[in-house]
Amino acid sequence: QVQLAESGGGSVQPGGSLRLSCVPSRAISSIGCMAWFRQVPGKRREGVAGVHSDGSTSYADSVKGRFTISVDNAENTLILQMNSLKAEDTAMYYCACATARWPDGLLLHAGIYDVWGEGAQVTVSS
């Protein structure tokens, strides 16, 4: 059983930056895949960025070049650094954990993830 402690989120103006963190209750090194998803009411959950245990990453086209997913091994923390934020980035952001090691091509598919954080609201507006 894995639990995810998610923190971060907030309100920023377009062009601003925000950093989300997710701390699992067990070593990230023992987790197959981790990712960040986001969801707007009435829409399907969207994969934003994912990282495989081998270090491979995957990003949604809409965030490439602006968002970076990384792992801070010293703090056992999954991080999503969001720069150059746009209004369309506004959503509830969730970290997710998959116990099994899935192919890299599935990192942004919600169906592979077993555990989810409670979500952090990110609002980008003028």
Side-chain angles (χ1 to χ4, degrees):
Q1 182 70 21
V2 180
Q3 297 180 36
L4 301 176
E6 189 173 337
S7 62
S11 298
V12 298
Q13 295 185 350
S17 297
L18 207 58
R19 184 183 182 93
L20 302 180
S21 298
C22 179
V23 181
S25 59
R26 78 185 208 194
I28 288 179
S29 60
S30 71
I31 297 173
C33 318
M34 293 192 75
W36 292 96
F37 287 75
R38 65 187 181 188
Q39 188 170 30
V40 175
K43 300 182 67 177
R44 290 187 173 277
R45 191 163 296 188
E46 172 191 21
V48 176
V51 60
H52 195 274
S53 59
D54 67 2
S56 299
T57 58
S58 184
Y59 294 91
D61 289 341
S62 60
V63 307
K64 287 181 179 178
R66 300 187 298 119
F67 291 12
T68 302
I69 187 170
S70 63
V71 175
D72 183 335
N73 290 311
E75 299 295 329
N76 197 50
T77 301
L78 177 72
I79 298 168
L80 183 66
Q81 179 65 46
M82 302 180 288
N83 298 325
S84 301
L85 284 162
K86 305 175 180 180
E88 47 265 46
D89 294 317
T90 296
M92 184 73 74
Y93 284 71
Y94 301 87
C95 62
C97 165
T99 302
R101 289 179 170 80
W102 296 84
D104 291 351
L106 296 178
L107 284 175
L108 301 185
H109 291 252
I112 75 169
Y113 293 95
D114 307 303
V115 182
W116 296 82
E118 293 187 353
Q121 179 66 42
V122 171
T123 301
V124 185
S125 67
S126 300

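Counting begins at 1 with the first residue of the sequence. Hydrogens, waters and symmetry mates are skipped; everything else that's a heavy atom, side chains included, is used.
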message = For I69, is there any backbone N or O sitting under 3.5 Å from a side-chain donor or acceptor partner on Y59?
response = yes

request  = Give, for atom CE of M34 and atom OG1 of T57, the distance between the pair rounded to the nearest 0.5 Å.
outcome  = 14.5 Å

request  = Check the side chains of R38 and S62 for a donor-acceptor pair under 3.5 angstrom, ignoring hydrogens and angles.
outcome  = yes

task = Find the distance between SG (C22) and CD1 (I28) and round it off to the nearest 0.5 Å.
result = 7.5 Å

Minimum-distance pair of heavy atoms, taken over all atoms of V40 and A91 = CG2-CB, 3.9 Å

note = Scanning both residues in full, the closest heavy-atom pair of E6 with G117 reads OE1-CA, 3.7 Å

key: Pair V51-L78, side chain to side chain contact (heavy atoms under 4.5 Å, CB included): steps then yes or no   = CA-CA 9 Å; V51 60; L78 177 72; 3.9 Å; yes

ask   = How close do R101 and S29 get, heavy atom to heavy atom, and via which atoms?
value = NH2-O, 3.7 Å

inquiry  = Under a plain distance cut-off of 3.5 Å, with no hydrogens placed, do S84 and R66 share a side-chain donor-acceptor pair?
reply    = no

query = Are L20 and V71 connected, step by step, through hydrophobic side chains (Ile, Leu, Val, Met, Phe, Trp, Tyr) whose heavy atoms are closer than 4.5 Å?
reply = yes

ask   = V23 and W36: same hydrophobic cluster, using ILVMFWY side-chain contacts below 4.5 Å?
value = no

query = Which residues pass the ring-ring contact (aromatic ring centres under 6.0 Å, His included) test with F37, sequence neighbours left out?
reply = Y113, W116

query = Are Y94 and V115 in one and the same hydrophobic cluster, where Ile, Leu, Val, Met, Phe, Trp and Tyr link if side-chain heavy atoms are under 4.5 Å apart?
reply = no

